[in-house]
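The chains referred to below are lettered A, B, ... by the order of the sequence lines, with proteins before strands, and numbering in each begins at 1. Keep in mind it's a predicted model, so treat the numbers as computed, not measured.
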2 protein chains.
Amino acid sequence: MSDRPDLGRGPTLRDVALRSGVAVSTASRALTRPGRVGAQTEARVRAVAEELGYVPSASARALTSGRTRTVALVVPDTANPLFFGMVRGVQSRLRDAGFVHVLADTEESVEREEQVMAELRGSVDGVVLAAPRADEASVTAWAEEFPVVTVNRDVPGPRVLIDTAGGVVHALQHLASLGHRRVAYAGGPRRSWSDRQRREALIAAAGGLDVELVVTGPYVPRREGGPAAADATLLHGCSAVIAFNDLLAFGILDRFAERGTTVPDEVSVVGCDDIFGTDLVRPGLTTVAVPVERAGAAAADLLLRRLAAGARGGARVVELPTHLVVRGSTGSVPR
Amino acid sequence: MSDRPDLGRGPTLRDVALRSGVAVSTASRALTRPGRVGAQTEARVRAVAEELGYVPSASARALTSGRTRTVALVVPDTANPLFFGMVRGVQSRLRDAGFVHVLADTEESVEREEQVMAELRGSVDGVVLAAPRADEASVTAWAEEFPVVTVNRDVPGPRVLIDTAGGVVHALQHLASLGHRRVAYAGGPRRSWSDRQRREALIAAAGGLDVELVVTGPYVPRREGGPAAADATLLHGCSAVIAFNDLLAFGILDRFAERGTTVPDEVSVVGCDDIFGTDLVRPGLTTVAVPVERAGAAAADLLLRRLAAGARGGARVVELPTHLVVRGSTGSVPR
DNA sequence: TTGTACGCGTTATCAA
DNA sequence: TTGATAACGCGTACAA
């Protein structure tokens, strides 16, 4: 039935103008600037647009305005439930502001990250860059070239930082108060800023708490990394382990169950992030709750502000606190 | 330091051409059609482009080519882990084909869905529409206007269908073989095609298996919906319940644990989807495994093929099988 | 092989 | 209030 070759995506403003008997400029105004045009002209144009099923071309708009009203969210691993909360946070804010968002996965690879950032520069107004793995120099360079807000990476420019360092210290205090004197930290990716923060904070805090901290790893921050971390914990004679993240902690719990090592009676386990599933396991996982959705929303806000203000948005920093969620996986030291 | 007002996004092709001492068209060819230009000219242009950090404008490209190289994935609820896998499946295929993808959440609302689809028409080449909630008429209309591939909705046009109906029947057979004679189906959203498929398949199969099927619900397909479903199961004297999805099943397990009703000794529970977490709960959740990532990939393939072939892509249908994963939440009928 | 000129759909500027 | 016209950045006929 349709005589157009399908890919010519619908009627254009010109069609609407023609059919309304007005000029394209008038049609444009009627649709985008209510009030700047004769009342009945506007009504007619709107009616025709509706009738024709007119949808403005985002590309053409972007071309004239210089802005695409699109921002990208770049994460290291879309399979990690941690980032889904972030996606939601970013999305909700963006949607309210009339923006679209694209999602990019860098697969924990620095090369992919650089490639993705380069491509994005030509197609979006800005980027929320979560837990970047690239050099500080690269990240800084990107941020100078176009609007970038980082999450969980302390580089110059607007950024959202989550104080998981403080959170894991609370976890360590919690363990110390339960009598643990030898605690393992099962580390995550070496390129992860978060990992370094957590590790260093734990090392610094251990002395004052009269706790010996044993750093193990790095482990892949997924469930598959857990078994090795569990075994290393026992090998080093630790009575508790703090895992880089919850996925790793799940794997640790798997391995302990498999070995017949009971949690928390024989060993305590603490995770980090409080992702989906922490209250599904038995015992429930004690973990450092990270407000990812808020972080995503905050990052989106920062980016939107930056876009509205041009380069003069300043380099605002939002710091979000964490809190320890105590469930069943931690208990008194075995004796 | 930078003297440009920040939002003029980088150098244009014109800048590259000027600095290379060639015409824009030549620069264009040098960068997009390797070989169609003098070898050293090409080298020079490429070098200059590199030096300037030139990135082509996606908007301008889209305007001339008519294609944005962007497709959208529209899902009812981004918080549902079920869709995580689908996102990954879609994304991996799209990335390989050089496409970008945007994610849209319709929040289980028909209105949002219609709004989103209308907006998308002007900004993407096509859409993967997962589990649409709108009328068949609306979905059909969209599919006629621009390339749409649906997942889990049996409407005309290219589509991916997952045979969860077959899966839940297997689950029912499994329960029947364990001696269950009265089984509840805790239903999902009334507008969900999947729900209807599952419900009707179960009703049809129950007779032949000598099982009485009690349909309860609808419940919100999230963990919060579970408690009511659990109570209804017991109220109706059923010894087993098949939940519309795993999230609902998790909530059902919560409630049974709270009531002190042991699973599977007193009551068996079956979920659907096999999302993240089904092997985290204890006992592990017996569930119908849905190949979401494959579904996403298949949908992306269908869409890419459609885009490559114009309207003549035909309405290919991909049907994906499911399988029953038996874990600890199902057992013999109590006596 | 390379350059010129036009068009894609929209918004902004300037006249009328 | 409305209309004509010039951009925006790129691809691509067509001409040289």
Side-chain angles (χ1 to χ4, degrees), chain A residues 4-5 7-46 48-49 52-70 119 121-125 146, chain B residues 4-5 7-46 48-49 52-70 119 121-125 146:
Chain A
R4 221 184 288 93
L7 269 179
R9 268 199 321 311
T12 94
L13 193 56
R14 204 168 143 274
D15 299 326
V16 175
L18 235 53
R19 201 114 133 72
S20 311
V22 299
V24 276
S25 49
T26 305
S28 173
R29 281 183 290 243
L31 296 173
T32 57
R33 302 277 179 71
R36 299 278 304 162
V37 82
Q40 60 178 19
T41 309
E42 178 179 332
R44 187 153 30 92
V45 172
R46 298 196 101 91
V48 170
L52 258 43
Y54 165 75
V55 177
S57 154
S59 317
R61 262 198 183 150
L63 198 55
T64 48
S65 65
R67 292 171 304 104
T68 59
R69 298 198 74 76
T70 301
E119 289 171 3
R121 242 189 67 196
S123 39
V124 302
D125 289 345
F146 72 126
Chain B
R4 219 183 290 94
L7 268 180
R9 265 199 327 312
T12 98
L13 193 57
R14 202 166 144 277
D15 299 326
V16 175
L18 234 54
R19 201 115 131 71
S20 312
V22 299
V24 275
S25 53
T26 305
S28 172
R29 282 182 288 243
L31 296 173
T32 57
R33 299 280 177 71
R36 299 278 303 163
V37 81
Q40 60 178 17
T41 309
E42 179 179 330
R44 185 152 32 91
V45 172
R46 297 197 100 93
V48 170
L52 258 44
Y54 166 74
V55 178
S57 153
S59 319
R61 260 200 186 149
L63 200 54
T64 48
S65 66
R67 292 170 307 107
T68 59
R69 298 197 75 75
T70 301
E119 288 171 1
R121 239 189 68 197
S123 39
V124 302
D125 290 344
F146 72 126

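Counting all heavy atoms, side chain and backbone alike, B:D125 lies closest to B:G66 at OD1-O, 4.2 Å. Annotation for A:R121 and B:P11: closest pair NH2-CD, 3.9 Å, computed over non-hydrogen atoms. Closest non-hydrogen pair, A:V124 versus A:F146, comes out as CG2-CE1, 4.3 Å. The two residues A:E119 and B:V55 make their nearest non-hydrogen contact at O-CG1, 4.2 Å. Closest non-hydrogen pair, A:A60 versus A:S57, comes out as N-OG, 3.1 Å.
With values rounded to the nearest 0.5 angstrom, A:L18 atom CG is found 7.0 Å from A:D15 atom CG.
Mapped onto DNA chain C by nearest heavy atom, B:T64 and B:G38 fall at different nucleotides, with B:G38 at the one closer to the 5' end.
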Side chains of residues 20-36 of chain A: which donor-acceptor partners sit under 3.5 Å, not counting sequence neighbours?
{"from": "A:S20", "atom 1": "OG", "to": "A:V16", "atom 2": "O", "distance (Å)": "2.6"}
{"from": "A:T32", "atom 1": "OG1", "to": "A:S28", "atom 2": "O", "distance (Å)": "2.8"}

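Crowding of A:R19 atom CZ: a count of heavy atoms from other residues, nucleotides or ligands under 6.0 Å not exceeding 12.
For DNA chain D, the contact window with chain B, defined by any atom under 4.0 Å from a protein heavy atom, covers D:dG9 to D:dA13 in 5' to 3' order. The nucleotide range of DNA chain C contacted by chain B, defined by atoms under 4.0 angstrom from heavy atoms of the protein and reported 5' to 3', is C:dT1 to C:dG9.
Across all strands, B:V24 comes closer than 4.0 Å to no nucleic acid atom at all (heavy-atom distances). Nucleic acid contact for A:S65: none, since no nucleic acid atom lies under 4.0 Å from a heavy atom of the residue.
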